[in-house]
K.L.:
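Can you keep this structure in mind? I'll have questions shortly.
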Amino acid sequence: MPSSLSNLRALCAAIALLLVFAHPAAAQLSFKPTAEAVQEDKLLNALKEGDKITGRISIPDVMASSLIQPAGRDWRDFHRSTLPIVGGIAILGMLALLAIFLMVRGRIRLDHGFSGTRILRFASFERFTHWLTASCFVVLALSGLNISFGRILILPLFGANAFATMSGYAKIAHDYLAFPFMLGLAIMFLIWIKDNIPGAIDLEWIKQGGGILAKGRHPPAKRFNAGQKGIFWIVIIGGALMSVSGWFLLFPYLPANVTALQFWTVIHAVIAMLFVAAMLAHIYIGTVGMEGAFDAMGTGEVDLNWAKEHHSLWVEEEQAKGHAPSGGAARPVAAE
Amino acid sequence: MKIFVAALAFAAIAAFAVSTVLDTIQRPSSVAFTTGGARVGDPGNNLIGPS
């Protein structure tokens with residue numbers, strides 16, 4: 001009898017075990033992380049561009065209702081992979097071009113040397129506006145580049161703590177210096193727009209390569225030549241795009257949704273890289289690349305021979321107004 | 001040189017002024033997004049600055 005009872009118990013236990021393992025619900029309850037992950041991945045991949053999984057929230061921040069937005073992965077990959085490559089090529093490529101140009105062409109010197117006679121090129125307010133915008137731009141550019149390249153280039157040198165502290169202050173400087181930069185941009189537009197309207201004379205300047213490719217050639221130009229006009233419009237249009245996109249980043253609740261915010265961050269980052277590359281060329285030609293050019297923004301006055309060689313029509317206009325002395329090109333003096 | 005220094009000083013003063021104005025007219029997220037039915041926690045200090 002005890003033996004029969006024992007056998008019965010064993011049989012019941014075996015049937016119970018069989019039911020447990022054979023029941024579909026038991027199979028679903030078994031832990032299969034890999035299978036679950038695949039299903040989740042399929043779910044995310046099934047979401048198309050612009051799709052997202054949202055929840056219900058009770059706070060006024062509507063963007064917080066976005067739970068999963070697969071497009072965000074593309075955006076993150078762009079910032080981590082594509083942008084540093086594109087930006088690196090643009091900036092390092094420009095530096096390489098300038099270095100090659102300097103080696104091949106050398107510094108652009110005055111054909112007739114310095115006359116010793118000076119002519120006012122930029123008034124005090126114009127130089128103030130230029131340096132206000134330029135100084136803000138330098139800080140904005142360096143602090144912005146830190147976002148894209150700092151983790152790769154600076155973090156290994158500084159260490160995590162120092163890099164985090166520096167990046168924190170750089171971010172604050174970036175946010176608030178953006179405002180005087182935008183102010184400088186607006187003033188520059190107002191005071192220089194009249195001298196930067198493209199004209200027929202600019203085509204001739206471009207045809208002759210601005211006279212910088214061959215020595216002794218100086219196409220006529222008014223106050224700003226075609227190259228300077230190009231820089232002006234790059235600054236104004238690029239600066240406007242940076243300002244608008246930056247405004248949305250400063251106040252991230254202004255865009256309609258997260259997708260729009262991501263769009264503006266991409267615009268901000270791409271324009272920034274191109275902007276920095278263009279300004280490197282501007283800085284080069286205004287300092288190392290051309291003899292006598294820095295004086296225009298340094299003291300505000302340039303040598304009359306420099307003005308005649310690079311802005312001959314402007315000198316004639318100034319002389320006609322009585323704002324510039326006549327002569328020049330007759331008394332060459334040592335350059336440096 | 002004076003013009004350059006003046007431009008730097010103006011940029012610094014303008015940036016500080018903007019930060020003061022924005023601090024005055026903006027509210028912390030824990031205040032701005034708190035409603036009668038939901039309270040948002042104080043985020044504390046982070047890169048954005050003191051709460």
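The shown structure was predicted, so the numbers you read here are calculated from the model rather than taken from an experiment. Numbers restart at 1 for each chain; the letters A, B, ... are given by sequence-line order, proteins then strands.
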K.L.:
Sort A:L183 into side chain, backbone, both or neither according to what part of it lies under 4.5 angstrom from a heavy atom of chain B.
P.N.:
side chain
K.L.:
Check whether any side-chain heavy atom of B:F4 lies under 4.5 Å from a side-chain heavy atom of A:F128, and answer yes or no.
P.N.:
no
K.L.:
Quick one: which residue pairs count as a salt bridge (charged side-chain N to carboxylate O under 4.0 Å, His left out) with a foot in residues 118-139 of chain A, not counting sequence neighbours?
P.N.:
A:R118-A:D295, A:E126-A:R223
K.L.:
What residues of residues 136-150 of chain A make heavy-atom contacts with chain B at a cutoff under 4.5 angstrom?
P.N.:
A:C136
K.L.:
Hey, what do you get for CG (B:L8) to CH2 (A:W131), rounding to the nearest 0.5 Å?
P.N.:
9.5 Å
K.L.:
Could you give the distance from CD1 (B:I3) to OG1 (A:T299), rounded to the nearest 0.5 Å?
P.N.:
11.0 Å
K.L.:
Taking the side chain as every heavy atom from C-beta outward, state whether A:F251 and B:L22 have any pair of such atoms under 4.5 Å apart.
P.N.:
yes
K.L.:
Sequence neighbours left out, what passes side chain to side chain contact (heavy atoms under 4.5 Å, CB included) with B:A17? Give chain and number order.
P.N.:
none
K.L.:
Listed by chain and number, what are the side chain to side chain contact (heavy atoms under 4.5 Å, CB included) partners of A:A272, not counting sequence neighbours?
P.N.:
A:M242
K.L.:
Quick check: are there more than 12 heavy atoms from other residues, nucleotides or ligands sitting under 6.0 Å from NZ of B:K2?
P.N.:
no
K.L.:
Are more than 12 heavy atoms from other residues, nucleotides or ligands located less than 6.0 Å from atom CZ of A:R151?
P.N.:
no
K.L.:
What closest approach, in Å, do B:A11 and A:P180 show between heavy atoms, and which atom pair accounts for it?
P.N.:
O-CG, 3.7 Å
